[in-house]
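Note that the structure is predicted; figures quoted are calculated from it, not measured.
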There are 4 protein chains.
Amino acid sequence: MGDTETKQRPGDGRRAQAKAANREAILEAARAVFARMGMESATVRDIIRETDLAAGTFYNYFKSKEEVVKALAELSTSRFRPRLAKVRAAAPDVKSYIRAAFHAYFSFLKDENETALRLGASQMKLAAVRYDTPEMDAVLTEVRCALDSFFDEADSPHFDTEYITAAAVGIALEFGDLMLRRHPVDVDGATRVASELFLSGISGVDCCFQD
Amino acid sequence: MGDTETKQRPGDGRRAQAKAANREAILEAARAVFARMGMESATVRDIIRETDLAAGTFYNYFKSKEEVVKALAELSTSRFRPRLAKVRAAAPDVKSYIRAAFHAYFSFLKDENETALRLGASQMKLAAVRYDTPEMDAVLTEVRCALDSFFDEADSPHFDTEYITAAAVGIALEFGDLMLRRHPVDVDGATRVASELFLSGISGVDCCFQD
Amino acid sequence: MGDTETKQRPGDGRRAQAKAANREAILEAARAVFARMGMESATVRDIIRETDLAAGTFYNYFKSKEEVVKALAELSTSRFRPRLAKVRAAAPDVKSYIRAAFHAYFSFLKDENETALRLGASQMKLAAVRYDTPEMDAVLTEVRCALDSFFDEADSPHFDTEYITAAAVGIALEFGDLMLRRHPVDVDGATRVASELFLSGISGVDCCFQD
Amino acid sequence: MGDTETKQRPGDGRRAQAKAANREAILEAARAVFARMGMESATVRDIIRETDLAAGTFYNYFKSKEEVVKALAELSTSRFRPRLAKVRAAAPDVKSYIRAAFHAYFSFLKDENETALRLGASQMKLAAVRYDTPEMDAVLTEVRCALDSFFDEADSPHFDTEYITAAAVGIALEFGDLMLRRHPVDVDGATRVASELFLSGISGVDCCFQD
DNA sequence: CATGAATGAGCATTCATTCAT
DNA sequence: GATGAATGAATGCTCATTCAT
């Protein structure tokens with residue numbers, strides 16, 4: 001509205017890319033808006049308002065807010081999945097894997113948060129850090145799947161792998177929250193405590209994890 | 001429209017107090033509506049529609065939906081806090097307390113869920129179990145506080161009590177979710193696994209918990 | 001908008017009736033708008049704009065434009081049906097009935113047209129006189145039914161009553177159109193020609209009508 | 001997007017004329033769309049979507065949907081007028097002409113209807129058969145004119161030729177409707193009944209038609 | 001206090017039309 | 001010419017909120 005510098009309006013030169021760039025602009029705007037006011041209550045108008053585009057333009061790129069959500073989630077998944085795969089391939093044993101997975105998640109979370117802040121999400125608005133964001137959701141799902149399949153594969157009939165995964169996820173979520181609220185944001189610290197706690201926890205539930 | 005005789009919560013008897021009872025009626029309706037369609041998407045209209053009251057009357061008692069949310073949360077807090085206090089007073093040691101707290105939370109969760117289902121929340125709608133209910137939120141906060149103060153009081157400088165609480169909360173949340181998705185809902189099972197996992201976990205972080 | 005005299009806004013006195021009167025106002029406005037620009041292309045906003053009411057108020061009275069259409073049609077039906085019934089009861093024979101029915105229809109049409117003109121339908125806009133009006137449609141249906149059942153009852157297996165009815169309706173429609181375009185509007189003339197033509201027509205098709 | 005080779009009505013061969021052929025393509029598409037969803041509710045977008053052309057191209061050929069309508073009507077007129085002229089030239093007397101005119105109209109109607117059905121107009125959608133098509137309108141107008149001038153020329157001061165034409169048109173319209181609703185569609189039957197009815201009718205109005 | 005009609009801003013979405021390329 | 005992305009006005013409709021009674 002005021003900032004005419006970033007406008008992609010016709011007439012400014014490189015056109016071919018501008019078209020594809022608008023999609024990016026909308027996604028970026030959506031990211032900011034979701035971070036600021038939550039996915040649920042954000043409206044399509046909130047998103048395009050963040051943009052130099054006109055109301056109708058949104059619908060040239062997405063059919064609805066839900067599609068933006070999906071696109072954002074897929075983006076995150078596609079960025080995070082390889083990292084997680086690498087982590088797994090590199091892990092010599094359970095403990096290492098758990099540690100690396102926690103670390104990957106907390107790192108991602110930190111990055112996301114920094115982006116969100118830069119994009120205008122006032123720290124105040126996030127009572128608890130914003131998790132109802134498509135990116136977070138996607139990554140969390142990713143982690144959950146990885147753990148799930150890891151435990152399943154480990155074929156540990158001694159304990160309920162679903163509950164164990166749930167525990168890991170719960171710890172990750174809450175630790176992530178806490179980690180972001182503290183300054184400076186300490187990824188390694190969170191990783192260490194989470195790993196220690198979780199690994200000790202499951203070794204208490206099933207002794208075969210005491211290696 | 002013209003007949004004022006039948007208004008005013010027909011069928012409740014005492015007239016004098018009936019007026020104050022409207023507040024109760026609105027809260028009750030809000031509970032049902034939140035359970036059925038989620039706090040976020042419920043509208044003031046949805047709430048008053050559940051009521052014998054007129055649209056405008058809502059605003060005699062609450063300034064907005066958010067105030068109803070707050071009131072509902074406070075109600076839950078005030079009902080749940082004593083239970084938790086009793087649990088604490090009765091607990092001979094850490095382990096017992098943790099177990100009792102998990103149990104209290106999972107029990108409450110089960111009750112809430114059953115109420116929600118009875119009130120019309122289709123099992124389907126709860127992708128993840130309905131947590132966006134002011135009551136749940138309040139109780140969770142309550143538990144968090146209890147744990148927090150418990151650990152602080154225990155004065156365990158050996159570990160970061162905030163993180164430990166976060167772990168307990170995370171486990172509680174995710175286990176609760178999982179518990180409700182399984183049938184029959186097994187409060188004791190969830191309590192046992194959660195306690196074992198969590199207690200073993202913290203004993204790994206700080207040996208002074210191995211008593 | 002400019003005319004504050006006719007406003008039904010709160011604060012002008014008689015209130016109880018005003019509420020019911022708004023429904024009338026909307027129907028009246030819809031009548032005018034439909035007449036002026038056709039039922040199909042008229043929008044809800046066009047209707048309320050004709051009114052002193054606010055956009056949302058429309059939906060206190062009707063769920064959509066279609067409901068207004070239905071209401072308008074029902075109004076017409078309920079006003080016209082008795083007239084037609086009386087006509088039929090009074091008719092000693094076919095010829096009289098046909099004449100009276102044509103007359104009733106053309107009279108109604110004239111009334112409607114005059115109302116429409118008074119309500120702002122510029123004569124210009126109606127290329128062919130506006131028939132896509134719920135009232136006209138309803139009345140025409142009424143007439144069609146009356147004729148249909150009349151012929152059926154007369155049990156004239158000698159000719160195809162459906163076609164005969166269609167002829168009567170077609171003549172009525174086109175004559176109505178023509179009648180309204182001429183000045184002064186001559187109901188009796190149209191009735192005479194239509195009746196003569198139609199009655200001679202059917203007597204040519206089936207001799208049993210030559211009485 | 002980038003591939004301009006495949007554009008321009010792929011598969012039609014000659015390139016030079018292809019450009020002018022776009023007009024044709026649009027008209028054809030409009031025909032189909034109008035038949036399928038009615039003239040009123042069809043949008044320019046619906047039309048170009050049926051085409052290999054881009055949105056903007058539409059405006060190189062027509063200023064708006066209304067112009068397409070007009071063009072389509074003119075096309076019909078120009079195709080139908082000669083047929084009607086021939087009919088007239090060949091008719092030895094009034095009766096023959098009337099019959100031939102009815103027949104021409106009903107035939108055209110049947111063709112149009114079959115085209116419409118083939119083009120996707122669900123039988124259901126046509127509450128009353130699809131008349132809101134520019135072609136139908138044009139042809140009807142054509143017939144009306146022919147009859148009008150015929151009667152005028154016959155110089156029959158004994159009756160009101162405008163009304164007589166109106167009667168013929170009304171009968172044609174309603175019979176057409178009815179004819180299409182019955183199966184199999186019986187053009188000759190409709191023609192016979194309509195002619196009989198109409199001719200007897202006018203002979204009752206003015207005896208000079210009894211020849 | 002209770003009422004419920006009225007309000008008007010707001011939302012998702014569609015569409016005719018323009019225009020830089 | 002042809003293109004198709006951008007535009008922004010318009011539409012149907014919902015909702016929180018007000019206020020005369």
Item to check | Cationic N near anionic O, under 4.0 Å, D/Glu40 to D/Lys65 | outcome: no

Checklist entry - Are any of C/Tyr61's side-chain N or O atoms less than 4.0 Å away from OP1 or OP2 of E/dA5? => result no

Item to check | Identified pairing partner of F/dT14, criterion: Watson-Crick or G-U wobble below 3.5 Å | outcome: E/dA9

Checklist entry - Under 4.0 Å: is that the gap between some side-chain N or O of B/Asn22 and OP1 or OP2 of E/dA2? => result yes

Next on the checklist: Going by purine N1 to pyrimidine N3 plus the second Watson-Crick contact, or the G-U wobble pair, all under 3.5 Å, which nucleotide sits opposite E/dC19?
Outcome noted: F/dG4

Checklist entry - Within this structure, what is the CZ-to-C1' distance between C/Phe62 and E/dA5, rounded to whole angstrom? => result 15 Å

Checklist entry - When the distance from CD of D/Glu40 to P of E/dC15 is rounded to whole Å, what number comes out? => result 14 Å

Next on the checklist: What is the separation between atom CG on A/Leu53 and atom P on F/dA5, rounded to the nearest whole Å?
Outcome noted: 13 Å

Between the protein and nucleotides 10-12 of chain F, list every N/O to N/O distance that falls short of 3.5 Å.
residue, atom, partner, partner atom, Å
F/dG12, OP1, C/Val44, N, 3.1
F/dG12, OP2, C/Val44, N, 3.3
F/dG12, OP2, C/Arg45, N, 3.4
F/dG12, N7, C/Arg45, NH1, 3.1

Next on the checklist: Just N and O in the side chain of D/Asn60: are any of them under 4.0 Å from OP1 or OP2 of F/dA2?
Outcome noted: yes

Item to check | A/Arg36 with A/Glu50: basic N within carboxylate O range, under 4.0 Å | outcome: yes

Checklist entry - Has A/Thr57 got a side-chain N or O lying under 4.0 Å from the OP1 or OP2 atom of F/dA5? => result no

Checklist entry - When the distance from CD1 of B/Ile48 to P of E/dA2 is rounded to whole Å, what number comes out? => result 14 Å

Checklist entry - In whole angstroms, how far is the C1' atom of E/dT18 from the NZ atom of D/Lys63? => result 15 Å

Checklist entry - In terms of side-chain heavy atoms, does B/Asp46 have a donor or acceptor partner in B/Thr43 at a distance below 3.5 Å? => result yes

Next on the checklist: To the nearest 0.5 Å, what is the distance between CZ on B/Arg49 and CZ on B/Phe58?
Outcome noted: 13.0 Å

Checklist entry - How close or far is atom C1' of F/dG1 from atom CZ of D/Arg23, stated in whole angstroms? => result 16 Å

Next on the checklist: Looking at B/Glu112 and B/Arg31, is any side-chain nitrogen of the basic one under 4.0 Å from a carboxylate oxygen of the acidic one?
Outcome noted: yes

Next on the checklist: How many whole angstroms separate atom CD1 of A/Ile26 from atom C1' of F/dT7?
Outcome noted: 13 Å

Item to check | First encountered from the 5' end of DNA chain F, between B/Gly56 and C/Phe58 | outcome: C/Phe58

Checklist entry - Where is the tightest heavy-atom contact between D/Ala42 and D/Val33, given as atom of each residue plus distance? => result CB-CG1, 3.6 Å

Checklist outcome for this item: OG (C/Ser41) and CZ (C/Phe34) are apart, to the nearest 0.5 Å, by 9.5 Å

